[in-house]
Amino acid sequence: MSFVASDKLTIGHLLSSPALQLSLKAGGGGLERSVSWAHASELVDPTPWLLGAEVIMTAGLAIPRSAAEQRAYLERLDDAGASGLALSAQLHMPPLHDAFFEAAEERGFPVLEVPLAVPFIAVAQEVAAAAQEDARHRLGAQLQVFGALRWLVTENLDTPTLLRRLEGLSGYDVFLCTPQGRPLLPGVPVPDPAVLPASVDAPPTIPGGFVLPVPAPGGPAGFLVAYERAGARPAGLAVVQHIATVAALRLAMVRNQRETLRREGAETFAELLQEVLDPEAARRRLARHAIEGDTVLLIVRRTTDEVLLRCLEDRPHLLLTRGEDRYVLGAPELAAAVGELPAVAAGASRPFLPGAALKVAQREALWAVSKAVESGRPVVHYGDDGAGRWLPDDPAVLTALVEHVLGDVLRYDESHDSRLLVSARTWMERDRRTETAAAALHIHPNTLAYRLRRFGALADRDLTSTGALAEVWLAIQAAGALGLTD
């Protein structure tokens with residue numbers, strides 16, 4: 001019997017072949033399952049070597065003896081994507097239990113019987129003959145997928161459009177994700193995490209399709225999952241492997257573009273902080289990075305570039321590393337995202353429009369991050385406390401206030417490597433509770449009392465006076481805003 005070239009070979013076609021004389025023992029719900037190959041195997045578990053849509057033929061040596069093991073054998077084949085199981089009548093076939101046939105019926109997994117008069121090679125030849133047209137179709141699909149490399153270069157397609165073209169050529173719905181199940185490329189849906197393999201060396205076949213690693217330097221960047229599309233002609237594993245390679249190339253291009261933008265953004269950020277860009281040029285540069293509308297400056301501590309980049313991956317931002325500080329420029333919503341990072345301390349300026357000078361925003365963010373470190377809060381916004389709102393924006397005015405009230409204290413601390421200012425600030429932040437502040441400073445209360453007296457003498461302020469206390473407190477806040485109390 002011959003099959004129409006445009007038809008997809010199914011279990012039902014094999015059953016209808018007079019030459020093969022096959023009979024159905026169980027699993028009649030799976031007669032429409034497609035067949036790509038027929039192969040004899042007496043392995044208890046042939047699934048690592050299956051690609052999907054195979055008919056496994058056995059003389060019975062592979063069939064376990066117990067009911068539970070027979071059921072597990074059939075379920076393994078079905079889970080690996082095999083189309084059906086063909087059993088040779090008599091020969092070495094053990095008694096088949098009800099549990100075996102029940103599993104076949106539940107799963108719609110066809111179990112066929114091959115008469116002794118029909119050799120397995122006859123079944124294999126029939127399938128091979130019918131598969132020749134399908135093989136030509138798959139080869140054509142492979143060649144067209146290779147053409148996607150030209151699309152990448154000449155047509156500048158975005159990622160979703162590229163994947164839609166590949167889906168149309170291959171007959172599969174394609175999904176991509178990182179090993180953790182997060183999006184791998186923008187605009188491409190992620191698969192159900194349950195189908196992801198525990199190892200990159202796992203067999204590629206899953207029910208209804210394939211799952212393959214997306215190669216990248218240093219190890220797979222993620223996984224590609226391809227499911228057969230209803231009504232389409234799936235082009236097979238080789239085509240899906242080529243699609244994974246195209247996805248890897250696209251990912252490398254996207255990562256290179258991101259890295260180039262990140263470096264350009266860091267240079268722009270540095271120039272903004274140095275105030276060497278005029279407002280219009282600054283706005284144009286920031287618009288290139290999709291930073292428009294209300295913007296904040298964040299200073300982030302207790303994290304790394306890698307963690308911060310992963311956190312902000314899908315959000316427009318600029319990042320600049322300065323010593324242990326990470327400067328971030330972007331929308332106000334970035335603060336909430338950064339605040340979710342473990343053990344982080346971050347300070348946010350007040351919102352401003354792109355192109356504005358960053359000196360004030362930098363001072364505000366430095367003040368806020370120092371408060372975050374002191375309080376243990378993940379994010380502090382400038383002006384969160386009452387005192388901060390009363391400080392002037394002009395750094396010159398703040399500097400004059402600090403010098404007038406705290407100048408001698410700061411010089412004493414610097415020359416004697418002492419901590420008078422920190423001690424006074426800690427005492428005032430704890431509502432002037434000496435024992436609580438001493439515990440926070442890890443010193444004896446008597447030592448703190450001595451430091452407070454010395455502070456008052458140098459500042460020429462009586463810390464028992466409400467007026468002097470208020471003046472000192474504002475001066476300490478101004479020093480924090482100028483970054484003098486870190």
Side-chain angles (χ1 to χ4, degrees), residues 8 34 36-37 48-54 80-81 131 133-258:
K8 180 171 65 174
S34 62
S36 64
W37 199 248
W49 293 273
L50 300 183
L51 299 180
E54 299 93 348
E133 173 62 26
D134 188 55
R136 286 192 290 270
H137 164 70
R138 293 181 183 216
L139 178 60
Q142 290 182 41
L143 295 174
Q144 290 184 71
V145 168
F146 276 125
L149 303 178
R150 178 176 53 81
W151 301 339
L152 284 174
V153 175
T154 62
E155 298 190 35
N156 196 29
L157 299 180
D158 60 28
T159 302
T161 302
L162 174 65
L163 264 295
R164 282 196 297 272
R165 285 198 186 182
L166 293 174
E167 287 176 335
L169 290 174
S170 66
Y172 293 92
D173 291 321
V174 175
F175 303 81
L176 289 168
C177 69
T178 67
Q180 296 76 32
R182 296 194 299 269
L184 183 62
L185 282 171
V188 182
V190 300
D192 181 350
V195 305
L196 300 183
S199 166
V200 296
D201 298 321
T205 305
I206 58 173
F210 304 101
V211 57
L212 295 170
V214 177
F223 292 97
L224 180 147
V225 177
Y227 289 113
E228 296 180 6
R229 190 186 304 115
R233 294 181 66 186
L237 177 61
V239 167
V240 177
Q241 289 172 327
H242 294 324
I243 293 175
T245 301
V246 173
L249 291 172
R250 182 63 178 175
L251 179 63
M253 293 171 64
V254 169
R255 287 179 169 177
N256 183 64
Q257 291 167 355
R258 286 177 178 172

>> Do Tyr227 and Ile206 have side chains that approach each other closer than 4.5 Å (heavy atoms only, starting at C-beta)?
In response: yes

> Given side chains that start at C-beta, do those of Val211 and Phe223 come closer than 4.5 Å, heavy atoms only?
Replying inline: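 Yes, close enough: below the 4.5 Å cut-off.
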
> After noting the C-alpha distance and the side-chain angles of Arg250 and Leu185, does the key distance pass the side-chain contact (heavy atoms from CB on, under 4.5 Å) rule?
Replying inline: CA-CA 8 Å; Arg250 182 63 178 175; Leu185 282 171; 4.1 Å; yes

Give a yes or no answer on whether the side chain of [X] reaches the backbone of [Y] with a donor-acceptor pair at less than 3.5 Å.
| X | Y | answer |
| --- | --- | --- |
| Arg229 | Glu167 | yes |
| Asp192 | Val195 | no |
| Ser36 | Ala53 | yes |

Can you tell me how far [atom2] of [Y] sits from [atom1] of [X], rounded to the nearest 0.5 angstrom?
| X | Y | atom1 | atom2 | value |
| --- | --- | --- | --- | --- |
| Arg164 | Leu162 | CZ | CG | 10.0 Å |
| Leu251 | Met253 | CG | CE | 11.0 Å |
| Thr205 | Leu50 | OG1 | CG | 6.5 Å |
| Ile243 | Tyr172 | CD1 | OH | 8.5 Å |
| Ser34 | Glu54 | OG | CD | 10.0 Å |
| His242 | Leu212 | NE2 | CG | 11.5 Å |

>> Let's go through Val188 and Thr159 carefully: what are the C-alpha distance in whole Å and the side-chain angles of both, what is the deciding distance for side-chain contact (heavy atoms from CB on, under 4.5 Å) to 0.1 Å, and is it a yes or a no?
In response: CA-CA 7 Å; Val188 182; Thr159 302; 3.6 Å; yes

Closest heavy-atom contact between [X] and [Y]?
| X | Y | value |
| --- | --- | --- |
| Ala221 | Ala216 | CB-CB, 3.7 Å |
| Pro215 | Ala248 | O-CB, 3.3 Å |
| Val240 | Phe210 | CG2-CD1, 3.9 Å |
| Val214 | Ala247 | CG1-C, 4.3 Å |
| Val200 | Pro213 | O-CG, 4.3 Å |
| Leu196 | Pro191 | CD2-CG, 4.2 Å |

